[in-house]
Amino acid sequence: MGGNESPNGDIHPGTVVTKDDVRNLEKTEKAEDLPPFITWVDVNGVYKPVVRIEVTGDPDRLRITKFGEDGTMLESTVMSPPPQ
Amino acid sequence: MSGKRYNNQGDNDTAQQVAHVDHDHDHDHGHQHGSNASLVDEMQEMGPIEQVGSWLSNLFGGGQRDEAIDTNRQLVNERNRQPSVPYTISEGRVSRNFQFNGVRADAHVYTIVFEDGVELPIYAPAAPDENLHYHTVAEAALAASHLPLASRRRLTSIMLNPIENPQDEYWAAEYNRPDFHSYMTAGGAGQITIYPDDSRDVPGMETMKSSMVHETGHVWSYQAWGNDKTRGGWRDWAAAMTADGQSLSRYADSSIAEDVAETVQAYSSTQGTRRHDEYRRVVPNRFAVLDRDFR
């Protein structure tokens, strides 16, 4: 199943813009070309489509923040710190 | 409500016990590994000498000395000096077929009731995977008890996910980082998800506490100031950044959102200490915004 459809059968608006501040690039991808766990976020049982992703931080501490249609921050994930 | 009370202020017995858990996990990574032992069980294993030693360690900061504030460091990584707010953890109940991130499974559900009025459910896998390393319910509760009220009141739940983040494989490939592993997700609506690790132990308690302060700082900023980073509190913050002329870490420099979260961490972790005043001298305009809005 592509990312254009949520696990509940909802249809995605179409595209996801990724603004990557770590690699200094920006790209637009079709939701159908991405996995659903990238293009949808479960918010209290309701799947919200992701239309924008911001990658910040640094290569050892990447942060992935997803935003919904109205600009709402849906979730922000930080990777594990390197072993000390 | 039935449950056990944890108190770092006035109840010496439980204070020592909580301090022990706090201290112990910073150093020897005594985390849950494929089991779901409760804090009560962990406390019963302590001896009185360990308790007193840990209590003294906690009281005097574990012998650590503060270093001068270096704004060129990678992360603020400030030791959390906020006392634990007393709380109770309810008896666990089972929630069948609970929707975790990426999998449905039976969950143990606990309710933490903090003395400041905040109530927070914690969801943990009823049958943890023996091959994964997990944070415990006790650790999650303790970390939440050290949060500033402004952050804790924004939370709606904490979930100890039974499996690693399903997104890890995607981002590992995208960044050519086979070791990419999600640690914590903060949902915009206030859910915190903490992931297990298959290859190494989870980070120590101090990292967990500081990560939770940082992540909930993100939740707070978006909930308090909205999503348009050109308006309202975001605009005020941008002006404060310009006026201060420097940030608290290189990580903060990666975006305005990270700048806020890093500053919140320094601000809230040091309140009531001289360290707080040292930070204020470095970023006075940002702290003034937090004085106004961080509540």
Side-chain angles (χ1 to χ4, degrees), chain A residues 1-3 6-8 16 18-27 29 33-84, chain B residues 74-75 77 99-102 156-157 164-172 174-177 179-191 193 195 197 199-204 207 210-211 214-215 217-219 221-223 226-229 250-259 261:
Chain A
M1 185 174 69
S6 80
N8 286 348
V16 178
T18 300
K19 183 175 181 294
D20 186 335
D21 290 337
V22 175
R23 294 184 293 185
N24 198 26
L25 60 84
E26 186 163 326
K27 61 182 177 179
E29 296 168 284
D33 295 334
L34 296 167
F37 51 75
I38 295 295
T39 57
W40 298 90
V41 170
D42 180 352
V43 181
N44 298 326
V46 178
Y47 283 94
K48 302 280 189 182
V50 176
V51 300
R52 179 178 174 82
I53 297 174
E54 290 182 2
V55 183
T56 54
D58 61 65
D60 284 332
R61 190 78 161 155
L62 291 170
R63 173 178 300 283
I64 317 292
T65 306
K66 297 179 176 180
F67 298 88
E69 286 183 281
D70 57 356
T72 302
M73 192 276 272
L74 299 175
E75 68 174 28
S76 184
T77 299
V78 66
M79 69 185 289
S80 284
Q84 297 185 356
Chain B
Q74 184 58 31
L75 289 164
N77 206 22
Q99 181 64 65
F100 285 99
N101 186 359
T156 55
S157 65
E164 295 178 281
N165 190 346
Q167 299 177 37
D168 284 357
E169 196 172 331
Y170 175 85
W171 293 111
E174 182 76 8
Y175 278 85
N176 193 26
R177 288 289 303 265
D179 61 340
F180 184 96
H181 174 78
S182 298
Y183 179 46
M184 194 178 286
T185 293
Q191 318 92 327
T193 304
Y195 302 97
D197 199 319
S199 60
R200 61 189 187 213
D201 207 348
V202 289
T207 298
S210 61
S211 296
H214 183 109
E215 298 312 308
H218 284 294
V219 173
S221 60
Y222 284 106
Q223 288 190 1
N227 300 298
D228 185 346
K229 296 196 186 78
R250 284 182 283 143
Y251 198 77
D253 294 338
S254 67
S255 71
I256 187 172
E258 295 301 348
D259 189 88

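Order of the sequence lines fixes the chain letters, A, B, ..., with proteins taken first and strands second; residue numbering starts at 1 for each chain.
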Item to check | When A:T65, A:T56, A:D21, A:V78 are compared by non-hydrogen pairs under 4.5 Å with chain B, the top option | outcome: A:V78
Next on the checklist: So which atom in B:R177 and which in A:M79 form the shortest heavy-atom distance, rounded to 0.1 Å?
Outcome noted: NH2-CE, 4.0 Å
Item to check | Ring-face cation of A:R63 near B:Y251 (centre distance under 6.0 Å, axis angle within 45°) | outcome: no
Checklist entry - Got A:L62 and B:W171 here, is their nearest side-chain heavy-atom distance under 4.5 Å? => result no
Item to check | Heavy-atom contact with chain A under 4.5 Å, split by part of B:Q223 | outcome: neither
Next on the checklist: Run the side chain to side chain donor-acceptor pair (under 3.5 Å) test against B:K229 and tell me which residues pass, sequence neighbours left out.
Outcome noted: B:Y222
Checklist outcome for this item: Nearest heavy-atom contact between A:N44 and B:A189 is ND2-CB, 4.1 Å
Checklist entry - Given B:Y170 and A:L34, is the side chain to side chain contact (heavy atoms under 4.5 Å, CB included) satisfied, shown in steps? => result CA-CA 9 Å; B:Y170 175 85; A:L34 296 167; 3.3 Å; yes
Checklist entry - Is it the side chain or the backbone of B:D228 that comes within 4.5 Å of chain A heavy atoms, both, or neither? => result neither
Checklist entry - Checking heavy atoms, do the side chain of B:E174, its backbone, both or neither come under 4.5 Å from chain A? => result both
Checklist entry - Looking only at heavy atoms, which two atoms of A:T77 and B:N165 are closest? And how far apart? => result CG2-ND2, 4.0 Å
Checklist entry - At their closest point, which heavy atom of A:G57 faces which heavy atom of B:S254, and how far apart are they? => result N-OG, 3.3 Å
Checklist entry - Rounded to the nearest 0.5 Å, what separation is found between the CZ atom of A:R61 and the CZ atom of B:R250? => result 14.0 Å
Checklist entry - Counting heavy atoms not belonging to A:D70, are there more than 12 under 6.0 Å from its CG? => result yes
Next on the checklist: For a quick test of reading the model, state the closest non-hydrogen atom pair linking B:E215 to A:S76 and the distance between them.
Outcome noted: OE1-O, 3.9 Å
Item to check | Approximate separation, where rounding is to 0.5 Å, of B:Q167 CD and A:K66 NZ | outcome: 3.5 Å
Next on the checklist: Nearest 0.5 Å, please: how far is CG in B:N227 from CZ in A:R52?
Outcome noted: 11.5 Å
Next on the checklist: Which residues pass the salt bridge (Lys or Arg N to Asp or Glu O under 4.0 Å) test with B:D197, not counting sequence neighbours?
Outcome noted: B:R200
